[in-house]
Every structure is written in structure tokens, then in C-alpha cells.
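Every chain is numbered from 1 and lettered A, B, ... according to where its sequence line falls, protein lines coming before strand lines.
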Amino acid sequence: MARQKIALALAGVLALIFATACMLVSTETSFTAIHPMELGAGRPDCTGCHADEPMTNHVRSYAEFNHTTDFINAHGPKAVQYNNVCASCHPVSFCADCHTDKTVLKPALKQGNRPDVISPHGGDYITMHRIEGKIDPTACYKCHGRANNDRCRACHR
Amino acid sequence: MRKTTLLVLLVSSASWAQEVNVYTATFAQYYKQDIPGLERTYAPLTQFLGIDATKLGTENFSLHLFGWGNFDLADQTRLNGKTTGSLTYGYARYRFDRANGELQAGRFAINHGLGYEQIDGVSGRVDLKGGFNFSAFGGRPVYYDVQNHDQQRDYRWQRDIIFGARLGYRIAKMGEIGVSFLQDGTATSRYDKYDNPIPTDNPVPLPQPRNDGDFFYSNVHDYRRKLIGGDIIFVPISRLMFTGRTVFDIADRTFGPTDLDDASKIAENDYSLSYKFNNYFSAKANYVERNFQAYFAGSNMPSLFSTFEKDKHRSYGASVTYLDSDDQDGPIEITADYKNIHRETFGDSTRFGFDMRMSHSPKKFASGLSYHRIKTSDVVFVDPLKPSYSLSHHESRAWLMYSSDKYTASLDCIEYDFDNSEYSKEHLNGQSKLYEFIASVGIKPAENLRISADLAFGSTSVAKNEARGLLRVEYKFGFAPKGGK
């Protein structure tokens, strides 16, 4: 009898939590799955069309997603956290052009036919990473600190 | 077995999709290195496969898969042997029509305000009423095998689970602030300082590192991580944007060396301010501070990213960009940049220069030119004959690219010119300049198929001369252009 009461109380609490959670969820329409207009070649400038919409209900800021050189150099957290914005134009595998685990091919080599693309580690990076790592090892850590790939393991154990 | 099952399941379920995008790329390389006293030949073959299957039964359900395999036709260039491979991601995703709701399950990369992790698990996000949004994830971190399992046998043990969450609050037409939490690993070390197993039911604190100068490789490394952070984006007008984050390491690290007791718990401060003056000019300023012990917490390469180091990185920089998107031939972008980097155990370094890129002849030709000067503090030795050497150097790059509907061609040249002859003698085979030159030609025989070949020459710190040939075959099926229905 006591167990039944506890189970009932628990079910009631869970139902209350679920109902409250549902009431908390926004009723706004989700960000578009596909950008309604096809974009031309080159880097898109979102604020070119969305200049008067610094903040919408769906994305933080269109300005934040302008594909400037700064955006490309620091797009990581936005791309993972707000992948629905990226996915409106890019298929998911677009990311893997550069980002594959264990770095089987360094991006600059993989995209050797696309010098216009900003790829990390161009040139002789075996030499340069020793210098850049000496100047600032935290820059390496962002991508390689926890991805113990074969190339790192050859020397760093 | 689990990986194979997952792979078969994901690939077969893609047949249910109404829209399937397939990406495959094959890279065949052949290269020779002329190393003093040794000549080496390599011939790795690498295959990438990506599948995005959408509208699986419903409009909102999709599957995503990407992986690669590598086979060496000559030497064993990989530590794992002639054949290696990996599943980068493989997950199912459901997008809700409302509230930007989303659920993911499988293997994927994750960042909810903190860290950047590859996990096997689940994640979700949703917008809440009143401008709030919430996201969370949980699972097991994807392990990377280490060189010597005995040296890091606690790595797999301690990283038993990873979970995190972020709560954000959007202020209409102003920006967003967020707080986030991440915990990676709950188990303590399995071994005491004498390499004896610690019973799992015995709450023994983590052992002290052995003070024999070899503790980086001992069993006392702590791979656990516990972080909290705050982030902000402030965009009062579309021209002005302020972004940043502060991250704290809140894990109990009582086992560490006593001289690190007062090390900062702030793992990272990273703040940027950008302003667009008009349609052509914009500027950005950035400040970063990172404390090694807190920032490197949980690294599986403690020999490189040491959490036993009371070191600190601080940098500030600025850049000014001129961008003419309206030019008839195509966009022209010129960026001048400056950055000062301070590392407590090394000293100051500065990097400054410019980067220019432009298009010509209605976007068929593109070219770029860049130059940077890197001026560093001297590396100090305890050697009266060679007390120090400099890492300062010049970095120059020029490239040219042609791209039509049918053909592509490109040239890319990068050169490093070092100041110091002592460094060149010791670390660069006596060379004061290193370079790499890549020429590429390509053809597009069909809408979905691209074939290109690269030929590269260069000199490196390992090989005085290196020649490389690369054949690239890319096939993309079902990919739509950017946007559009």
C-alpha cells in the first residue's frame, strides 16, 4: 500500500515536471531548414540582406554569421552549437572537408587544389609547429590537445 | 563489432531517405624524402566517405555519417600499421518544427559552450519562453589510443562519462549571455603511488606524483575535467559585435605539486570586439589569457600539454580589413594584422603583416598574397658556447587559381626565411630558408565528379628536398547548391 502511494506520488511529480517543462518551451517556429534563396558563389554576407535584423527569435545575430575571414578563423563554437544555421546551406559532411578525427590528411594537403580556402598548416608544418608551439602551445590544444592522432604520437607520447 | 554494426545500420537506413547526399574522395599520394643518410618513399591511399540522408520517414529525421580509411602501398607510414581507419561521426538527428528543438544520438562532435569533444551519446537543445534556451549532452568520450597503454592506463578508466549543459538568455536585439558546465570523467586513479591497484570501494584520494622527474608518464596523471563557464555576445547594432567567454577549472586537483597550489583556476578569458565602419572597412580587437594548468586539464598528451606547469599565455591583437564586395571582377579583401603574445616561461613574440586576396575576370581567376613577420624572444640554453638562438622569421605566400565549369588549375608557394644561422644549422639541416611549391590541375568530367592532380616540391627541416605527387578523385552526389529549394 505504501509502495503504491509512493509510486503514485512519484508519477504525479514526474507528470508535473513534464507539464511544466512543456509549458516552458517556446512556441516560435524553428529556424528554416533550408535557406529560402540560393546563394551565389563566394562568401555570403548575411547582413547584406538582413541588415535590419540584428537579432531574430531564432539565431543570435545575422552579423555573427557573415563569412568574413574572422568568422572562418573562429567559426568552431558557433558551427557546433548552432549547426541548424549552418545546415540551412551546408550539408553536414561539408565540415569534414577539414575536420576529420586523427587528422589523416592535413587540411592544407587535402585541399592543395584550393589555395583560396583558408586551411591551417600550410607549408612545412613539421618545422613550423615547433616554433608556434613554443610561442603559444594553447593554440595547438584547441584542436589537438585531446585528439591524440598518429602524427602527434610519433614524437609526443 | 559495435562500430561495424553501427556502420551497416546507418548506411542501410539511408536507403529509406527521400534525399541522400553522398561524398566520396580518394587520395593517392606518392612522395620521396631526401633525408641526409636516408631516402624514404611513401605511397598512402586514403578514402573518405560521407553520407547525409534526410527526410527519413518524416521531414525532420536525418542520418549523418562520415569516416575514412587509410592503406599504405609502400612503407608503414602510420603507427597503427599499413591499414588504419576511423568513424568520425555517425548519428541520427531529429529537428522539431518549433523552438529550434533538436535531438541527436550516435557519435558526433559536441560543444555546448565548453570544450570540443567527440562523444558516443545523446544531445538536445530547445528554445524556452522568455528568451531562454537550453542544451545538454551526455555519453562516453571517444577514446584515442595512446602510444604506451601502460603509461596512461588510467586514461580509459577515468574518462568513464562525459556530460554538460548550457543555459542561455537572449536579450531581444541586444545579444545573448550563457552559463555552461562540463564534466569529463568521474573515476579517480586506479593505482597508488606504488603502482598497486586502489580498491574501487575505497575512497582513497589521488596519489601524489612521484618526485622523480618522470611524473608526466607515471600513473598519477589526472584525466578528469570539470569546467564552468560564461559566454556573451553583444550586438546592439549590426556594425558592432562583442563576444567572449570565461572558463573556470573547478576540479579538485589536490594531488598536484604543492608549488601549483596557487595556480589560477581561470582556464581561459577570450574576448573580441569588432566594428564595421562602412561597407568597406572593418576592425577587430582581441584579448586572450590562458593558464596552462587549468586550460590543459584532461589532455591525453601530458608530455606536451602539461598540467604540472605553472605557465601562462596572454595575447592581444588587432586587425583592419578592407573588403570591396561590389567590385565588378569579384571581391577584393586586404587585412592588416598585429598580435602580441606573451608566454611567462618564454617571453614576448609579435606577429604582424598583411593578407590580400582578390578575384579577377568574373570570378574565374583568384589570387592572393601575404606576408608576416614573426619576431620572438630568444630560446635560452645553459651552454656558454651557444647561450641562445632566435626563432624569428619571415613568412611569405603567393597563390593563383583558375576555375571554370570544366577545368581548374592553381599555383601556391610559401616560404619561411629564418633570421638565425644557429637555429638553421641545428634544426633546419643548415638551411636558412624553407619553401613549398604546389601546382595543381583538375578536370570536371561530369557534374558530380572532380579529378585533380597536385605536384609539390619543398625543403623541410626533416628532408632537404621533398617531392610529392597526389591524385584526388572526388565524387559528390545529391548536393544542392548553397540554399534554395
Inset, instruction - Measure the CZ-NZ distance between B:R472 and A:K110 for me, rounded to the nearest 0.5 Å. - result: 10.0 Å
Legend entry - Choice from B:H112, B:E102, B:E466, B:R245 maximising heavy atom contacts with chain A below 4.5 Å: B:E102
Legend entry - Residue, of B:D97, B:I341, B:V126, that accumulates the most heavy atom pairs under 4.5 Å with chain A: B:D97
Inset, instruction - Measure distances from B:R468 to the heavy atoms of chain A and classify the residue's part below 4.5 Å as side chain, backbone, both or neither. - result: side chain
Legend entry - chain A contact via B:L128 - which portion, at a heavy-atom distance below 4.5 Å: both
Legend entry - Approximate separation, where rounding is to 0.5 Å, of A:T138 OG1 and B:D270 CG: 9.5 Å
Legend entry - Side-chain heavy-atom pair B:S349, A:K134 within 4.5 angstrom cut-off: no
Legend entry - Side chain / backbone / both / neither for B:R450 at chain A, heavy atoms under 4.5 Å: neither
Legend entry - Distance in Å, A:I135 CD1 paired with B:R351 CZ, rounded so as to fall on 0.5 Å steps: 9.0 Å
Inset, instruction - For B:T376, check side chain to side chain donor-acceptor pair (under 3.5 Å) against everything at least two apart and list the hits. - result: none
Inset, instruction - Please flag which part of B:S452 lies under 4.5 Å from any non-hydrogen atom of chain A: side chain, backbone, both or neither. - result: side chain
Legend entry - Backbone of A:D136 reached by a side-chain donor or acceptor of B:R343 within 3.5 Å: no
Inset, instruction - Please flag which part of B:S440 lies under 4.5 Å from any non-hydrogen atom of chain A: side chain, backbone, both or neither. - result: side chain
Inset, instruction - Measure distances from B:F48 to the heavy atoms of chain A and classify the residue's part below 4.5 Å as side chain, backbone, both or neither. - result: side chain
Legend entry - Gap separating the CD1 atom of B:I414 from the CG atom of A:D124, nearest 0.5 angstrom: 9.5 Å
Legend entry - Full working for side-chain contact (heavy atoms from CB on, under 4.5 Å) between A:I131 and B:Y416: CA-CA 12 Å; A:I131 296 171; B:Y416 304 100; over 6 Å; no
Legend entry - Steps toward side-chain contact (heavy atoms from CB on, under 4.5 Å) verdict (B:F132, A:L24): CA-CA 9 Å; B:F132 290 94; A:L24 289 174; over 6 Å; no
Legend entry - chain A contact via B:F27 - which portion, at a heavy-atom distance below 4.5 Å: side chain
Legend entry - Contact class of B:D412 relative to chain A, heavy atoms under 4.5 angstrom: side chain
Legend entry - Candidate pair B:F96 and A:V25, rule side-chain contact (heavy atoms from CB on, under 4.5 Å), full reasoning: CA-CA 12 Å; B:F96 293 84; A:V25 172; over 6 Å; no
Legend entry - Nearest-0.5 Å distance, CG of residue B:N100 to OG1 of residue A:T29: 9.5 Å
Inset, instruction - Grab the two heavy atoms, one from A:S26 and one from B:A99, that are nearest each other, plus how far apart they are. - result: O-CB, 3.3 Å
Legend entry - Between B:R239, B:E268, B:R290, B:M241, the one whose heavy-atom pairs under 4.5 Å with chain A are most numerous: B:R290
Legend entry - When B:H393, B:E415, B:H313 are compared by non-hydrogen pairs under 4.5 Å with chain A, the top option: B:H313
Legend entry - Side-chain heavy-atom pair B:R357, A:I118 within 4.5 angstrom cut-off: yes
Inset, instruction - Measure distances from B:I110 to the heavy atoms of chain A and classify the residue's part below 4.5 Å as side chain, backbone, both or neither. - result: backbone
Inset, instruction - Name the region of B:F108, side chain, backbone, both or neither, that has any atom closer than 4.5 Å to a heavy atom of chain A. - result: neither
Legend entry - Closest approach of B:S461 to A:T127 (non-hydrogen atoms, all atoms of both residues): OG-OG1, 2.7 Å
Legend entry - Residue pair A:P91 / B:Y23, side-chain heavy-atom distance below 4.5 Å: no
Inset, instruction - Return the option, out of B:F346, B:Y295, B:F134, B:Y116, with the maximum number of heavy-atom pairs under 4.5 Å with chain A. - result: B:Y295
Inset, instruction - Could you walk me through whether B:Q104 and A:N83 pass the side-chain contact (heavy atoms from CB on, under 4.5 Å) test, one step at a time? - result: CA-CA 12 Å; B:Q104 282 187 183; A:N83 54 26; 3.6 Å; yes
Inset, instruction - Against chain A, label B:L391 side chain, backbone, both or neither, depending on which of its atoms sit under 4.5 Å from a heavy atom there. - result: both
Inset, instruction - Using non-hydrogen atoms and a 4.5 Å limit, figure out which bit of A:A79 sits close to chain B: side chain, backbone, both or neither. - result: neither
Inset, instruction - Keeping the roles fixed (side chain from B:S410, backbone from A:R114), state whether a donor-acceptor pair exists under 3.5 Å. - result: no
Inset, instruction - May I ask you to decide if the ring planes of B:F305 and A:Y141 are parallel, tilted or perpendicular, using 30° and 60° as cut-offs? - result: perpendicular
Legend entry - Distance, nearest 0.5 Å, that separates OH of B:Y89 from OG of A:S93: 5.0 Å
Legend entry - Contact origin within B:E117 toward chain A - heavy atom pairs under 4.5 Å: side chain
Inset, instruction - Give the minimum heavy-atom separation between B:M401 and A:N113, together with the two atoms involved. - result: SD-O, 4.0 Å
Legend entry - Student check: side-chain heavy atoms of A:T68 and B:K284 closer than 4.5 Å: no
Inset, instruction - Provide the closest heavy-atom pair for A:A87 versus B:R93 in the form atom of the first, atom of the second, distance. - result: CB-NH2, 4.1 Å
Inset, instruction - Using non-hydrogen atoms and a 4.5 Å limit, figure out which bit of A:C95 sits close to chain B: side chain, backbone, both or neither. - result: neither
Legend entry - Proximal component of B:E333, with respect to chain A [non-hydrogen, under 4.5 Å]: side chain
